[in-house]
**Student:** 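Just dropping this structure here.
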Amino acid sequence: MVDKSEASAQNRGAELRLRDVLLRNADLYGNDPAVIFGDVTTDWREFTERSFRLANRLSQSGVERTDRICVLQRNGPEIPEIAFAAALLGAAIVPINPRLTTAEVEYIITDSAVSLAFVEHKHPAIVALRGTEMVITRSEDYERYRDEGAPIEPDEIERAADPIFHLYTSGTTGRPKGVSLTQRAMIQNGLTIQLSQRLRHNDVFLTTTPLTHAAAGTRIFSLATDGMAHVILEKFTPDAFFEAVGRHQVTSTILVPTMLRDLIESPGLQMANLRSLRTIVYGAAPASQDLVTAAIEHLPCDLLQGYGLTEGCPALLMLSPEDHDQARADPNLRHRLSSIGRPVPGVRIRIADDEGGALARGARGELQIRSTKAMNGYWHAPDETALAFRDGWLHTGDVGTVDDDGYVYLVGRKKEMLISGGFNVYPSEIERAIDEHPNVSESCVVGAPHDRWGETPIAFVVKTGPATENEILEHCEVLLADYKRPSRIVFVDHLERNSNGKVIRGALRDLL
């Protein structure tokens, strides 16, 4: 007779891992393209061997299960190899946006305690990695390091519950927090993406946004769910997009609204070969009804809006192509173009009040989610994790309503986050940087609408001594990534506060 606890442990041991996803593709689709970058195509058999080699070489360097590996570079074919190699060891990668400043990179590296780093040649943040073993990517150094590993499958030591992504997202305290996403979550997300976005094995997906961002980074694994081809664009421009779609017969892609607008307004659109393109997924920032309507009219493909957050791994709600078509055809449904859609398979949502009580449809409250692919929690931040998970729900911080048909409409954010060009920007992080200026007493940052970026940060500053707008902006250049920097400094005599001593941000928005 088998002990129940023993049987339970055996069942958990049989759970699918990312290793199984990789080996399935090598078995079924060995000669089919896995990763395409520029002129180089790597098939699934070769990609699997490279992942084996790199995993074994990492093991030789002392990387162990639950360790963290930093990846600091622009989009490139190395990132998927590093991600799968880490998964084979039960380790996690810490993707870092190369646009971050040295100070920002140093904080993430220190906080995550990485054991090894893959860094693009001559990146200025290399100085922050002193004392950490480094491999220089986009160079022969990386290839030599990888190929020193044996081309054999590493021993099975990992578990489905092991974190694979350690993604940093800024918090309301101004300090970035590490979001832990497991192999189990990646596989669940891949199945969700495949089902909700109607992807199939012969699809060719184009990544245009940074692989260091949750939406694009998790695609490394969701596309592997059924061995789809992954085309990686190093840097987005309309011409580069048009060329990649036509050359590789791309069928699906993700764009932030700024990119969508750039395509529509590009002189090259009329001559572009987009016949293969079936679906454009857009999201990560607000998109106006006018922009969506123009995209439907000018682009020969379906549109699908996605809403998510890093803590949700990340896809949570979707406005389908049929929703777009119905909204355009029926004036009574046009308002749906301003919706973020309905929950995707595997996700349940509710709107709740501040006490955690579920609200009726039409009422305004916080959007909360429940899903097996939600994060494990924040890295060594139990208090923050407890705030995120309450009453059995993950709290998004977004305020919205749900209509009678289940469509969600966002009306604001409990957190004062704004989204600029598809990137999450937290006012408290900017305020902390500005307040370090010797002639600044205090500051408050709010978001303002922007035609190109969706939103842009505006800083209201109380100064104690001589300081000009340019001096404050130059000060921010050292401490903040370019997309986080305020686009305007407004000097004020004081910041209006409520009875609790909190700055009244709404009053500042009114000044704009």
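Fair warning: this is a prediction, and the values are worked out from it, not measured in the lab. For the single chain, residues carry numbers from 1 onward in sequence order.
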**Student:** Does the side chain of K235 come within less than 4.5 Å of R74's, by heavy atoms?
**Tutor:**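 R74 vs K235: side chains apart.
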
**Student:** Are E311 and K177 ion-paired here, with the side-chain N under 4.0 Å from a carboxylate O?
**Tutor:**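 No.
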
**Student:** Supply the atom-to-atom distance E46 CD to N31 CG, rounded to the nearest 0.5 angstrom.
**Tutor:** 11.0 Å

**Student:** Quick check for you: to the nearest 0.5 Å, what is the distance between L28 atom CG and N25 atom CG?
**Tutor:**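 Here the rounded value is 7.0 Å.
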
**Student:** A side-chain contact here means heavy atoms from C-beta on lying under 4.5 Å apart; do I109 and D111 qualify?
**Tutor:**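 A side-chain contact under 4.5 Å is absent here.
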
**Student:** Walk me through it: do R336 and D405 pass the test side chain to side chain contact (heavy atoms under 4.5 Å, CB included)?
**Tutor:** CA-CA 11 Å; R336 281 189 184 165; D405 296 311; 3.0 Å; yes

**Student:** Is there a donor-acceptor pair closer than 3.5 Å between any side-chain N or O of N56 and the backbone N or O of I152?
**Tutor:**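 Present.
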
**Student:** Within the 3.5 Å criterion, strictly below it, is a donor on T207 or H230 matched to an acceptor on the partner's side chain?
**Tutor:**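 The criterion, which ignores hydrogens and geometry beyond distance, is satisfied for H230 and T207.
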
**Student:** Does R144 pair with D141 as a salt bridge, N-O distance under 4.0 Å?
**Tutor:** yes

**Student:** Do the side-chain N and O atoms of Q194 and T225 include a donor-acceptor pair separated by under 3.5 angstrom?
**Tutor:**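 Looking only at side-chain atoms, T225 and Q194 do not form any donor-acceptor pair under 3.5 Å.
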
**Student:** Q188 side chain to K373 main-chain N or O, any donor-acceptor pair under 3.5 Å?
**Tutor:**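 Such a contact is absent between Q188 side chain and K373 backbone.
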
**Student:** So, does T41 use its side chain to make a donor-acceptor pair with the main chain of P33 at under 3.5 Å?
**Tutor:** no

**Student:** About how many Å separate CG of L89 and CZ of F84, when rounded to the nearest 0.5 Å?
**Tutor:**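 Output value for this atom pair is 13.5 Å.
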
**Student:** When you look at L181 and N376, which way does the side chain to side chain contact (heavy atoms under 4.5 Å, CB included) test go after all the steps?
**Tutor:** CA-CA 6 Å; L181 300 174; N376 270 10; over 6 Å; no

**Student:** If you define the side chain from C-beta out and look only at heavy atoms, does anything of T66 sit under 4.5 Å from P163?
**Tutor:** no

**Student:** Just wondering, are more than 12 heavy atoms of other shown residues or ligands nearer than 6.0 Å to CG in D27?
**Tutor:** yes

**Student:** Could you check if a side-chain atom of V402 sits within less than 4.5 angstrom of a side-chain atom of I349, using non-hydrogen atoms only?
**Tutor:**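 Counting from C-beta outward, V402 and I349 do come under 4.5 Å.
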
**Student:** Would the number of heavy atoms belonging to other residues, nucleotides or ligands and lying under 6.0 Å from CZ of R452 be above 12?
**Tutor:** yes

**Student:** Please report whether the ring centroid of Y168 lies less than 6.0 Å from that of H166.
**Tutor:** yes

**Student:** What I'd like to find out is whether the side chain of I69 reaches to under 4.5 Å of the side chain of L58, using heavy atoms alone.
**Tutor:** yes

**Student:** Could you check whether atom CD of Q270 has more than 12 heavy atoms from other residues, nucleotides or ligands sitting under 6.0 Å from it?
**Tutor:**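 Atom CD in Q270 is not packed in, count stays at 12 or less.
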
**Student:** Between atom CG of L337 and atom CD of Q289, what is the distance when rounded to the nearest 0.5 Å?
**Tutor:** 5.5 Å

**Student:** Is it the case that the side chain of Q60 and the backbone of G149 share a donor-acceptor pair, with hydrogens and angles ignored and the cut-off at 3.5 Å?
**Tutor:** no

**Student:** Within the distance-only criterion (no hydrogens, no angle test), does the side chain of H450 pair as donor or acceptor with the backbone N or O of W453 below 3.5 angstrom?
**Tutor:** yes

**Student:** Decide yes or no on side-chain hydrogen bond (donor to acceptor under 3.5 Å, both in side chains) for H335 and D403, but give the supporting numbers first.
**Tutor:** CA-CA 11 Å; H335 62 278; D403 67 17; 4.6 Å; no

**Student:** Quick one: which residue pairs count as a side-chain hydrogen bond (donor to acceptor under 3.5 Å, both in side chains) with a foot in residues 290-302, not counting sequence neighbours?
**Tutor:** T293-R334

**Student:** Taking Q305 for the side chain and M318 for the main chain, is one N or O donor matched with an acceptor at less than 3.5 Å?
**Tutor:**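 Such a contact is absent between Q305 side chain and M318 backbone.
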
**Student:** Can V119 and Q73 be said to form a side chain to side chain contact (heavy atoms under 4.5 Å, CB included), step by step?
**Tutor:** CA-CA 6 Å; V119 185; Q73 70 162 76; over 6 Å; no

**Student:** How about I296 and L303: do any of their side-chain heavy atoms sit closer than 4.5 Å?
**Tutor:** yes

**Student:** If only side-chain N and O atoms count, and only distance matters, is there a donor-acceptor pair under 3.5 Å linking Q183 with R17?
**Tutor:**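 The criterion, which ignores hydrogens and geometry beyond distance, is not satisfied for Q183 and R17.
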
**Student:** Roughly how far apart are F236 CZ and T208 OG1, rounded to 0.5 Å?
**Tutor:**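 One finds 6.5 Å between CZ of F236 and OG1 of T208.
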
**Student:** Quick one, L88 with S51, criterion side chain to side chain contact (heavy atoms under 4.5 Å, CB included). Give me CA distance, side-chain angles, the key distance, then yes/no.
**Tutor:** CA-CA 8 Å; L88 290 165; S51 299; 4.2 Å; yes

**Student:** Can a salt bridge be assigned to the pair E81 and R53 using a cut-off of 4.0 Å between side-chain N and carboxylate O?
**Tutor:**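 Salt bridge between E81 and R53, a charged N being under 4.0 Å from a carboxylate O: no.
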
**Student:** Decide, yes or no, whether a salt bridge links D226 with R24 under the criterion of side-chain N to carboxylate O below 4.0 Å.
**Tutor:** yes

**Student:** Check this for me, if you would: do E158 and R65 make a salt bridge, where the nitrogen-to-carboxylate-oxygen distance has to be below 4.0 angstrom?
**Tutor:** no

**Student:** Are the side chains of Y409 and S338 in touch, meaning some heavy atoms are under 4.5 Å apart?
**Tutor:** yes

**Student:** Pick one: which of I254, L255, L233 meets side chain to side chain contact (heavy atoms under 4.5 Å, CB included) with L206?
**Tutor:** L233

**Student:** Any donor and acceptor pair, going by atom type alone, linking the side chain of H324 with main-chain N or O of S320 inside 3.5 Å?
**Tutor:**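 A pair under 3.5 Å: yes.
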
**Student:** For D32 and H201, test the side chains for any donor-to-acceptor distance below 3.5 angstrom and give the result as yes or no.
**Tutor:** yes

**Student:** Find the distance between CG (L269) and CG (D239) and round it off to the nearest 0.5 Å.
**Tutor:**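 The distance works out to 11.0 Å.
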
**Student:** Tell me whether E104 is salt-bridged to K484, with the criterion being a basic N under 4.0 Å from an acidic carboxylate O.
**Tutor:**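 A salt bridge is present here (some side-chain N lies under 4.0 Å from a carboxylate O).
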
**Student:** Any ion pair linking D203 and R278 (charged N to carboxylate O, less than 4.0 Å)?
**Tutor:** yes

**Student:** Does the ring centre of H121 sit less than 6.0 Å away from the ring centre of Y142?
**Tutor:**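 No, they do not, as the ring centres are separated by 6.0 Å or more.
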
**Student:** Would you call E140 and R146 a salt bridge, taking side-chain N to carboxylate O under 4.0 Å as the test?
**Tutor:** no

**Student:** Among side-chain atoms of S61 and Y145, is any donor-acceptor pair under 3.5 angstrom?
**Tutor:**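 The answer is yes; a qualifying pair exists.
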
**Student:** Does a side-chain heavy-atom distance below 4.5 Å link P314 with T218?
**Tutor:**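 Side-chain contact under 4.5 Å: yes.
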
